[in-house]
Amino acid sequence: MNLYFDKKRTFQITPLLLFLGSVFITSEKFVIPTNSPKNYFVQVSLLFFVVFAVLSPKQKVLQGLRNRVMLWGISVVCFLQAGLGFIQYVGWFPSNHSGFPITGSFDNPAGFAAVLSLGFPVGAFLFIREKGIGKYLSLLITLAIALLVVLSGSRTGVIAIVSSIAVFLFYRPNLFRKFMFHRLGKLALGLLIVALVIGSILLYLSKKDSADGRLLIWAVSAEMIQDKPLFGYGRGAFQANYMD
């Protein structure tokens, strides 16, 4: 029993420490492809999870992942990252990139928004499950995450949050029906759809050149896949053949 207790606590605390390290301690290394520390960090983390999963019963591992300590730990780390982004936005702390007001502990808003997008559905899940003060705290965390993703200007982050909300509504039909049967539900849904359409247009126009560049990359990549759909051009050959 004591051995199981120690295993359970280890599986709860160690992943949170790894997550905290990936977000704050080594996150500036994650966007520089020539740096090997990020690879070592990921390999060590994966090795830990594999070893622990092999040594522990599958049911216990899944229970550890769904544990409140794990979920709240992820939410708190993301909330701290959002707080760092906020004090950067108001000018109380410098960002790590001269071209962006918000980067968090990363070198650009992409990693910052990616981490917060991960924390958003976790916070939303806690908001649905928790009661009392826990419900209000999870709501605060979720709203703070959503706000900072918008302020960061990350289009992918905004899309990820909207997608998370859609998934929640899809897997919780009762919640969607309650929303629709409310006297203002249909009006709110109509306004939400209009806001999504307008927001999508604004997201595209806000960085039109960047968006067009990504569309071009997708189009060229699709042509390359059509040329060699099964085996591709080989390892490291994408850059050599892309301009053709």
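The heavy-atom pair separating S152 from A113 by the smallest distance is OG-CB, 4.1 Å. Across all their heavy atoms, G119 and C78 have their closest contact at CA-SG, 3.5 Å. Across every non-hydrogen atom of L116 and I145, the tightest pair is O-CG2, 3.1 Å. Contact between F106 and F112 at its shortest, heavy atoms only, is CD1-N, 3.6 Å.
Interatomic distance, CZ of F79 versus OG1 of T142, reported as 10.5 Å (0.5 Å rounding). With rounding to the nearest 0.5 Å, the separation of NZ in K135 from CD1 in I128 is 7.5 Å. Summarising the geometry, atom OG belonging to S138 is positioned 9.5 Å from atom CG belonging to L143; distances are rounded to the nearest 0.5 Å. Atom CZ of F127 is separated from atom CG of L140 by 11.5 Å, given to the nearest 0.5 angstrom. Of the inter-residue distances, the one linking S163 atom OG with F120 atom CZ reads 10.5 Å to the nearest 0.5 angstrom. To the nearest 0.5 Å, atoms CD1 (I141) and OH (Y136) are separated by 15.5 Å.
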Using the rule given for side-chain contact (heavy atoms from CB on, under 4.5 Å), can you reason through I133 versus L137, listing the C-alpha separation, both sets of side-chain angles and the distance that settles it, and then say yes or no?
CA-CA 6 Å; I133 188 65; L137 287 176; 4.1 Å; yes
Which is it for E130 and F125 under the side-chain contact (heavy atoms from CB on, under 4.5 Å) test, yes or no, and what are the steps along the way?
CA-CA 8 Å; E130 292 290 332; F125 178 79; over 6 Å; no
Let me see the working for S75 and L126 under side-chain contact (heavy atoms from CB on, under 4.5 Å), right down to the final yes or no.
CA-CA 9 Å; S75 295; L126 288 173; 3.4 Å; yes
Intermediate values then yes/no, side-chain contact (heavy atoms from CB on, under 4.5 Å), S95 and I102
CA-CA 6 Å; S95 73; I102 298 178; over 6 Å; no
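Using modelled atom types, one side-chain atom of Q81 and one backbone atom of S105 make a donor-acceptor pair closer than 3.5 Å. Q88 contributes a side-chain N or O that, together with a main-chain N or O of T103, makes up a donor-acceptor pair within less than 3.5 Å.
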Let me have the donor-acceptor pairs involving side chains of residues 211-232, under 3.5 Å, with sequence neighbours excluded, atom names and distances please.
residue : atom : partner : partner atom : Å
D212    : OD1  : Y204    : OH           : 2.7
D212    : OD2  : K208    : NZ           : 2.9
S221    : OG   : I217    : O            : 2.7
D227    : OD2  : Y233    : OH           : 3.4

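Contacts of F100 classified as ring-ring contact (aromatic ring centres under 6.0 Å, His included), with partners at least two apart in sequence or in another chain: H97. With sequence neighbours excluded, the residues satisfying ring-ring contact (aromatic ring centres under 6.0 Å, His included) with F238 are Y242.
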